[in-house]
K.L.:
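The structure under discussion is supplied below as structure tokens; questions concerning it will follow.
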Amino acid sequence: MELDHRPPTRESLLPDMSRSYRLLLSSLGEDPDRQGLLKTPERAAKAMLFFTKGYDQSLEEVLNDAVFDEDHDEMVVVKDIEMFSMCEHHLVPFYGKVSIGYLPKKKILGLSKLARIVEIFSRRLQVQERLTKQIAIAVTKAVDPAGVAVVVEGV
């Protein structure tokens with residue numbers, strides 16, 4: 001399972017994506033040259049890049065050395081982390097909350113980094129099941145815990 005997928009430079013994708021959105025509008029029977037739609041293809045392309053910005057982030061960048069040696073072995077839990085993603089099958093948004101728990105083995109992670117891990121993987125084209133697994137793998141990679149649990153609840 002690829003954790004650090006990286007497409008070409010994202011800004012370089014804008015012209016092709018804008019043309020694709022323009023074609024989509026035309027295919028729907030709309031006039032992409034009418035006043036209300038003139039800038040829509042570019043805005044939609046930029047929005048899609050924002051919705052999928054997780055492709056631009058890696059676990060190492062997000063952790064930014066926020067892994068600490070600590071003699072702690074009781075469960076660490078962060079609940080109700082807000083999540084927004086795009087369904088890879090329909091290209092429509094889905095959202096919900098993620099809860100993460102892990103049992104440290106002498107290493108802990110800054111709590112805000114758990115939310116950032118969720119952001120990396122939710123801001124990609126996704127399915128809920130893969131998202132859950134990618135978050136668990138990332139936490140494991142970060143701190144090598146005795147165990148990790150991830151619950152993704154869609155709304």
K.L.:
With ring-ring contact (aromatic ring centres under 6.0 Å, His included) as the rule and sequence neighbours excluded, what pairs involving residues 69-93 come up?
P.N.:
Phe51-Phe84
K.L.:
Excluding sequence neighbours, so at least two apart, what forms ring-ring contact (aromatic ring centres under 6.0 Å, His included) with Phe94?
P.N.:
none
K.L.:
Once you round to the nearest 0.5 Å, how far does CG of Leu59 lie from CD of Glu61?
P.N.:
9.5 Å
K.L.:
With the 4.5 Å side-chain cut-off for hydrophobic clustering, are Leu91 and Met17 part of the same group?
P.N.:
yes
K.L.:
Test Tyr55 against Leu125 for side chain to side chain contact (heavy atoms under 4.5 Å, CB included), laying out the working first.
P.N.:
CA-CA 9 Å; Tyr55 291 119; Leu125 297 180; 3.6 Å; yes
K.L.:
How many angstroms lie between CZ in Arg10 and CG in Leu49, if you round to the nearest 0.5 Å?
P.N.:
5.0 Å
K.L.:
Between Lys141 and Glu60, is a salt bridge (Lys or Arg N to Asp or Glu O under 4.0 Å) present by the stated rule, with each step listed?
P.N.:
CA-CA 10 Å; Lys141 186 175 177 183; Glu60 292 74 22; 3.4 Å; yes
K.L.:
Would you please name every residue forming a salt bridge (charged side-chain N to carboxylate O under 4.0 Å, His left out) with Asp73, sequence neighbours left out?
P.N.:
none
K.L.:
When rounded to the nearest 0.5 angstrom, what distance separates OG in Ser18 from CE in Met48?
P.N.:
12.0 Å
K.L.:
Determine the sole option in Leu114, Thr132, Val151, Val150 for which the side chain to side chain contact (heavy atoms under 4.5 Å, CB included) test with Val98 is passed.
P.N.:
Val150
K.L.:
Report yes or no: does Gln126 contribute a side-chain atom to a donor-acceptor pair with the main-chain N or O of Phe121 at less than 3.5 Å?
P.N.:
yes
K.L.:
Should Tyr21 and Thr40 count as side-chain neighbours, where that means a heavy-atom distance under 4.5 Å?
P.N.:
no
K.L.:
May I ask you to test the Lys105-Pro145 pair for a side-chain heavy-atom distance under 4.5 Å?
P.N.:
no
K.L.:
Just wondering, are more than 12 heavy atoms of other shown residues or ligands nearer than 6.0 Å to CD in Gln128?
P.N.:
yes
K.L.:
Under 3.5 Å, sequence neighbours excluded: what are the donor-acceptor pairs made by side chains of residues 63-70?
P.N.:
unit_1, atom_1, unit_2, atom_2, d
Asp69, OD1, Lys107, NZ, 3.1

K.L.:
Shared ILVMFWY cluster between Leu103 and Ile135, side chains joined below 4.5 angstrom?
P.N.:
no
K.L.:
Is the shortest distance from a Lys or Arg side-chain nitrogen in Arg124 or Glu88 to a carboxylate oxygen in the other one below 4.0 Å?
P.N.:
no
K.L.:
Enter the distance from Ile117:CD1 to Ile100:CD1 here, rounded to the nearest 0.5 Å.
P.N.:
6.5 Å
K.L.:
How long is the straight-line distance from CZ of Arg43 back to CG of Leu38, given to the nearest 0.5 Å?
P.N.:
9.0 Å
K.L.:
Just list the side-chain donor-acceptor pairs under 3.5 Å for residues 25-33, sequence neighbours left out, or say none.
P.N.:
unit_1, atom_1, unit_2, atom_2, d
Ser26, OG, Arg22, O, 3.3
Ser27, OG, Leu23, O, 2.9
Glu30, OE1, Arg34, NE, 3.0
Glu30, OE1, Arg34, NH2, 3.2
Asp31, OD1, Asp33, N, 2.9
Asp33, OD1, Arg22, NH1, 3.2
Asp33, OD1, Arg22, NH2, 2.9
Asp33, OD2, Arg22, NH2, 3.1

K.L.:
Atom NZ of Lys113 and atom CD1 of Ile108: how far apart are they, to the nearest 0.5 Å?
P.N.:
13.5 Å
K.L.:
Cation-pi check, Arg123 to Phe50: give yes when NZ or CZ is under 6.0 Å from the six-membered ring centre and within 45° of the ring axis, no otherwise.
P.N.:
yes
K.L.:
Considering residues, nucleotides and ligands other than Lys53, do more than 12 of their heavy atoms fall under 6.0 Å from its NZ?
P.N.:
yes
K.L.:
Is Pro104 close to Tyr102 at the side-chain level, that is, under 4.5 Å between some pair of heavy atoms?
P.N.:
yes
K.L.:
Please set out all donor-acceptor pairs under 3.5 angstrom arising from side-chain atoms of residues 74-83, sequence neighbours excluded.
P.N.:
none

